[in-house]
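Read the structure below first, then the notes.
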Amino acid sequence: MVERRPLATFLAHLVLILGIVVVAFPIWVTFVASTHHAKDIMTAPIPLWPGTQLIENYRTLLFDGLINPIAGGVPLWRMMTNSFIMAMIIALGKIFVSFIAAFAIVYFRFPFRMAVFWIIFMTLMLPVEVRIVPTFKVVADLGLLNSYAGLTIPLIASATATFLFRQFFLTVPDELAEAARIDGAGPVKFMKDILLPLSRTNLAALFVIMFTFGWNQYLWPLLMTTDRQYLTVVMGIQRMINVADTDPQWPLVMAAVILAMLPPVAVVLLMQRWFIKGLVETEK
Amino acid sequence: MASVVLDNVKKVYPGGVEAVKGISLNVPNGSFTVLLGPSGCGKSTLLRMIAGLETITSGTCRIADRVVNEVEPAERDIAMVFQNYALYPHMSVYDNMAYGLRNRGTPKPEIERRVREAAKMLAIEDFLERRPRALSGGQRQRVAMGRAIVREPQAFLFDEPLSNLDAKLRVQMRIEIRRLHNRLKATSIFVTHDQVEAMTLADVVVVMNQGRIEQVGKPTEVYNRPATRFVATFIGSPAMNLAPGRVIGRGKVEIPGSGTLDFDPDTFEVAEGTAVEVGIRPEDMTVATPDENTGFVIKPEFVEELGPNRLVHGTAGGEPLVLSVASSMPDLGTRALGLRVPANRVHVFDTTTGRALRRG
């Protein structure tokens, strides 16, 4: 846009600011609620400025855990670690498997290549929930219940990422692969030296999406794990709310929500620098 | 350096399309051979088969007296320069050039020496640390050539390397490629559809059409003695004029409606009464003085001004005819012009096969 009219600028900013307020206000309220005593936030008016309990609430939540017997007495740092491990394995696993799969589909001529691609493509249409019962059966038979492997492996196969990588590889000029062949780079070397660095932007973007996907998993971990050792943050929050006979500890719940939000945000911020750099550097 | 010898090489794509229909060609050691032809004539496919990027359906390809049909491109000891340069975008110029050598396990000091030397030769020393995207088209093309040079291969393969450059740069790079070849004396095979590139660069021009070789010869040979109608019209700009005619005596051919022309009966062998196709280059005709009776006339229709010369478009015997005259000629108007055509500049082709009816 080359418009330079003050009114247009003002309106544009107004809309943006309104948008930010709409998105940010609930988060602010959440944060404020996490810094008060439980009784303060249960009485009107709801406080809009941070209270005095910030450090106390977060410390209790992160390290004591005992305060909430229903969450299994698991301190939040433990749940965060579980979530983080699960999200990392899922994100990295998905990227690795999809990258290899797309590489095979694009750069190798093997029988039923297109059939394989279409089968992968068709699974795009099936969400995890559709296949959750058979998947559970398989994982249970393999004895993987209550393990990180069981938590992550069934979620690693990804049609979306395979498809995205395939589309990206198709835009890489054939001559590049040919030049590499003449330069004596075999398939693996080509993948490592040329395709991987060129895919940086896509890798960063996919990592962000897949990490968030992994972090937000709820249904699968819920089915998969009975051992408190494997409790994830998302499940933990749910358990903190579902307390019998007493009010939930809202400030702690709110604090847990704030903390649960931080890793995905950190990943986005971190990766953003990467893929903006990638966008600026790649030339097509 | 080595020779490249093709023996009855064919390429049939799955689905039955025959892109290359049995080509035998000998590219001698150190020669600069240009494969010239319109798009889709199979010249790039042929080059890619030599490089090993396409499989050879039948026939053999020898590089340095070794059959390489089943040999991987990297082991054929060739280097290729692509039309779109195919530089690795994420590597510096230095790394682009060094990549192939590293893969072959060349010692580091040796890589350093070769890259510096090639960079000096190509005047890209100042850009060695830059990424390809920071370079202009001409500089990228130099890097692509540098990548080929450092390999010190048996043969250089060029796949339309100048097509992506603008006209001025193309001329400049053309001269540089020729200079480089004079210096390195490397066996080179160069694919192009640009006849000027072919004429200026080549020791030997191979004119291809529809998967076959039409003619192999020095640039002057393919220009002066085209073996077929296709070569005659493909080489030369504007294209050679063709008109139907009938041989009416030894060394005489009649073009109905325009008169008669003399041709060299010692060069062309054709019986009296045969219907033939007569070819004359626009630049081989001169306008006769008004009172001179040359027996061959053109009816001018319009004129194209090119600067150094002028193209007169007209008809002769109902067929379009183009005549090139110097710009210094006064305006010729639209009256019929008598034309002088030297007998040794008239080409005679068979009407059905299109072959020049040359003796022997």
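Every chain is numbered from 1, with letters handed out A, B, ... down the list of sequences.
The distance from atom CG of B:Leu53 to atom CZ of A:Arg181, rounded to the nearest 0.5 Å, is 5.5 Å.
Proximity to chain B is absent for every atom of A:Ala177, based on heavy atoms less than 4.5 angstrom apart. B:Arg147 touches chain A through its side chain: at least one heavy atom from C-beta onward sits under 4.5 Å away, while N, CA, C and O do not.
By the neighbour-count criterion of 12 heavy atoms within 6.0 Å, atom CD of B:Glu176 is densely surrounded, having more than that number from other residues, nucleotides or ligands. Atom CZ of A:Phe112 sits in a sparse spot, with 12 or fewer heavy atoms from other residues, nucleotides or ligands closer than 6.0 Å. The number of heavy atoms from other shown groups lying within 6.0 Å of OH (B:Tyr13) is above 12. No more than 12 heavy atoms of other residues, nucleotides or ligands shown are found within 6.0 angstrom of CZ on A:Phe84. For CZ of B:Arg178, the number of neighbouring non-hydrogen atoms (other residues, nucleotides, ligands) closer than 6.0 Å is greater than 12. B:Arg104 CZ: more than 12 foreign heavy atoms inside a 6.0 Å radius. Counted within 6.0 Å of CG on B:Asp65, heavy atoms from surrounding residues, nucleotides or ligands total 12 or fewer; the atom is thus considered open. Heavy-atom neighbours of A:Phe108 CZ from other residues, nucleotides or ligands within 6.0 Å: above the threshold of 12.
For a heavy-atom cut-off of 4.5 Å, chain A lies close to B:Glu72, B:Pro73, B:Ala74, B:Ile78, B:Ala79, B:Met80, B:Phe82, B:Asn84, B:Ala86, B:Leu87, B:Tyr88 in residues 69-88 of chain B.
With A:Asp183 contributing its side chain and B:Tyr99 its backbone, the two residues share no donor-acceptor pair below 3.5 Å.
Here the shortest heavy-atom pairing between B:Arg151 and A:Ile182 reads NH1-O, 3.1 Å. Closest of all the heavy-atom pairs between A:Ile194 and B:Met91 is CG1-CE, 4.3 Å.
Each salt bridge (charged side-chain N to carboxylate O under 4.0 Å, His left out) pair with one or both residues in residues 161-179 of chain A, not counting sequence neighbours, appears once here: A:Glu178-B:Arg48.
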